[in-house]
Number of protein chains: 2
Amino acid sequence: MQKEQIAEVLARFPSLAALTLEEWQEEGISITTVPANFTIDEGEFLENAPLILDGLVRIFKLSSDGREVTLYRLSTGECCPLIASSILGETVYEASACVEKPSMVLNVPTKIYKKWIEKHQGFRQYIFQSFARRLIIMSNLIDDIHFKSIRVRISEYLIEHTSAEDDSLAITHDQLAIELGTAREVISRTLKKMEKEGLLRVARGQITDIQRSRLPAVQ
Amino acid sequence: MQKEQIAEVLARFPSLAALTLEEWQEEGISITTVPANFTIDEGEFLENAPLILDGLVRIFKLSSDGREVTLYRLSTGECCPLIASSILGETVYEASACVEKPSMVLNVPTKIYKKWIEKHQGFRQYIFQSFARRLIIMSNLIDDIHFKSIRVRISEYLIEHTSAEDDSLAITHDQLAIELGTAREVISRTLKKMEKEGLLRVARGQITDIQRSRLPAVQ
DNA sequence: AATAACTTGGTGACAAAGTCACAGATTACC
DNA sequence: GGTAATCTGTGACTTTGTCACCAAGTTATT
């Protein structure tokens with residue numbers, strides 16, 4: 001690892017500030033770019049723990065009949081708690097990962113990763129906070145799936161992925177369906193209804209004119 | 001904390017073996033018995049982190065309209081990762097807890113809990129393994145809710161809670177419904193169908209003659 | 001022992017969501 | 001410009017969840 005590289009990593013992971021130069025020079029630490037659609041399948045053995053410097057990685061589960069649930073996504077400055085837990089708990093990595101946007105990743109051999117966590121309080125805290133966030137987000141996901149209608153879940157997704165400035169979203173019904181763990185037809189039908197009510201407009205691969213303020217927020 | 005008490009705790013939490021006598025004498029560490037139905041509501045501030053010595057505690061989420069999902073249960077020798085994460089990540093405890101069987105609990109003030117984790121490798125590993133298990137179990141739960149029919153989920157529950165020796169289970173439809181995060185009527189209907197097919201027999205508050213080997217396992 | 005209050009389970013009608021099997025429409029690309 | 005791939009729409013159906021009851025059994029109360 002070169003000095004400029006280290007500086008770049010530290011900009012995204014300030015919790016690694018306490019590492020010495022010798023620690024950075026250990027065998028196996030590297031930065032790689034991973035192309036979109038690169039996939040790691042459930043059950044694979046991992047030699048390196050990734051820290052995401054840039055890009056977007058989706059972590060998901062495959063069901064027995066080949067469908068997917070998105071568990072969470074990782075982007076700049078994030079680690080994968082499931083990988084961390086599998087390293088620290090010495091269990092298999094029980095999910096799949098798919099690179100959605102070309103990503104830049106700091107690869108840390110699992111042994112070194114473990115050592116960092118044990119040795120450096122700042123990094124340890126960072127990892128724990130990631131766990132915390134993830135458990136809460138996952139329980140909220142369970143909550144959502146259980147208690148919210150798709151209409152509300154779609155609305156919330158739209159609100160979260162648009163802004164006051166940009167009231168449109170480039171996404172296909174299929175993508176949105178995978179996103180929310182439902183079927184494409186359900187998305188199509190619901191969007192169509194919402195269009196009839198004047199809450200938004202649908203076009204091929206795009207949702208426009210999203211009336212953020214009028215979308216149902218609860219129930 | 002007295003010596004016999006410490007020994008009892010260590011029997012359930014061997015990962016605490018490295019604690020010194022002085023550490024055990026710190027202010028605030030205590031063992032309490034908690035009666036059934038004692039409840040901690042979502043959002044409450046916690047002064048102590050519980051380690052379960054004995055009993056059964058259900059951790060669940062309340063939805064906006066008052067229904068519940070069971071996230072997980074804690075029994076002998078277990079800690080609550082959501083509490084651990086809220087302590088370590090300094091966030092609010094975002095779930096509710098309800099004591100199902102009268103429980104014996106080691107209460108550790110959050111500051112001391114944190115210190116133990118930072119200081120003692122064994123305990124730290126134990127906590128991380130709990131995280132790992134929990135994340136995986138929760139993602140399996142998402143998987144189940146999403147992809148498995150209730151019939152299969154009921155079957156799996158029955159198989160898990162009976163044995164070759166004891167083919168009956170004392171549980172009401174309502175309890176089973178809460179367990180699986182569904183409605184009582186759905187359980188009643190499904191059990192009735194399964195009874196007609198000779199897979200089991202239903203009685204008030206009991207399911208008997210469970211044909212474990214004939215219950216559907218997948219799909 | 002009679003009554004009331006509570007628990008547990010059963011049912012029918014309906015709504016919401018997921019599944020299946022298509023059929024058009026649009027776009028991409030030789 | 002024609003073909004393939006992708007994206008969306010639709011109808012029929014199943015499963016699951018919701019609602020509003022009722023009936024039978026259990027426990028408490030007097």
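Labels below follow one simple rule: chain letters A, B, ... track the order of the sequence lines, proteins then strands, and each chain is numbered from 1.
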Asks: Rounding to a whole Å, what distance do you find between A:I150:CD1 and D:dT16:P?
Replies: 17 Å
Asks: Ignoring hydrogens, what is the shortest heavy-atom contact between A:Y126 and A:C79? Give both atom names and the distance.
Replies: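 The answer is OH-N, 3.1 Å.
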Asks: Could you check whether B:E185 pairs with B:R189 (Lys NZ or Arg NE/NH1/NH2 to Asp/Glu carboxylate O, under 4.0 Å)?
Replies: no
Asks: Starting from P on D:dT16, measure out to CD1 on A:I145 and report it in whole angstrom.
Replies: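 In whole Å, D:dT16 P and A:I145 CD1 are 16 Å from each other.
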Asks: What integer distance in Å separates A:I187:CD1 from C:dT19:P?
Replies: 12 Å
Asks: Partners of B:T39 by side chain to side chain contact (heavy atoms under 4.5 Å, CB included), sequence neighbours excluded?
Replies: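 Per chain and number, B:T39 pairs via side chain to side chain contact (heavy atoms under 4.5 Å, CB included) with B:D41, B:C98.
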Asks: Evaluate salt bridge (charged side-chain N to carboxylate O under 4.0 Å, His left out) for B:E197 paired with B:K193, printing each intermediate quantity in order.
Replies: CA-CA 6 Å; B:E197 295 170 24; B:K193 273 185 218 160; over 6 Å; no
Asks: Can you pull out how bent the helix from C:dA1-D:dT30 to C:dC30-D:dG1 is, comparing the axes over its first five and last five pairs, to 10°?
Replies: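 The end-segment axes of the helix from C:dA1-D:dT30 to C:dC30-D:dG1 are tilted 30° relative to each other.
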Asks: Between C:dA15 atom P and A:K193 atom NZ, what is the distance in whole Å?
Replies: 12 Å
Asks: If I take atom NE2 in residue A:H146 and atom C1' in nucleotide D:dT16, what distance separates them, rounded to the nearest angstrom?
Replies: 11 Å
Asks: Distance check needed: C:dT11 C1' versus B:L191 CG, whole Å only.
Replies: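 Whole-Å distance recorded here is 15 Å.
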Asks: So, applying salt bridge (charged side-chain N to carboxylate O under 4.0 Å, His left out) with B:E179, which one of B:R73, B:R58, B:R153 is it?
Replies: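 Only match with B:E179 under salt bridge (charged side-chain N to carboxylate O under 4.0 Å, His left out): B:R73.
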Asks: Is A:T182 close enough to C:dG18 that one of its side-chain N or O atoms is under 4.0 Å from OP1 or OP2 there?
Replies: yes
Asks: Not counting sequence neighbours, list each pair that qualifies as a ring-ring contact (aromatic ring centres under 6.0 Å, His included) and has a residue in residues 174-215 of chain A.
Replies: none
Asks: Classify every nucleotide of nucleotides 6-13 of chain D by which part a protein heavy atom approaches to under 4.0 Å, writing B for the base, S for the sugar-phosphate alone and - for neither, in 5'-to-3' order.
Replies: BBBBBBB-
Asks: At what distance, to the nearest 0.5 angstrom, does CZ of B:R133 lie from OH of B:Y72?
Replies: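 So the CZ of B:R133 and the OH of B:Y72 are separated by 12.0 Å.
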Asks: How many Å lie between NZ on B:K148 and C1' on C:dG18, as a whole number?
Replies: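 Distance, rounded to whole Å: 18 Å.
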Asks: Could you pull out all residues at least two apart from B:L46 that satisfy side chain to side chain contact (heavy atoms under 4.5 Å, CB included)?
Replies: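 So B:L46 forms a side chain to side chain contact (heavy atoms under 4.5 Å, CB included) with B:I40, B:I83, B:Y93.
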Asks: Return the set of residues passing side chain to side chain contact (heavy atoms under 4.5 Å, CB included) with A:S30 (not counting sequence neighbours), or none when no residue passes.
Replies: A:T32, A:N107
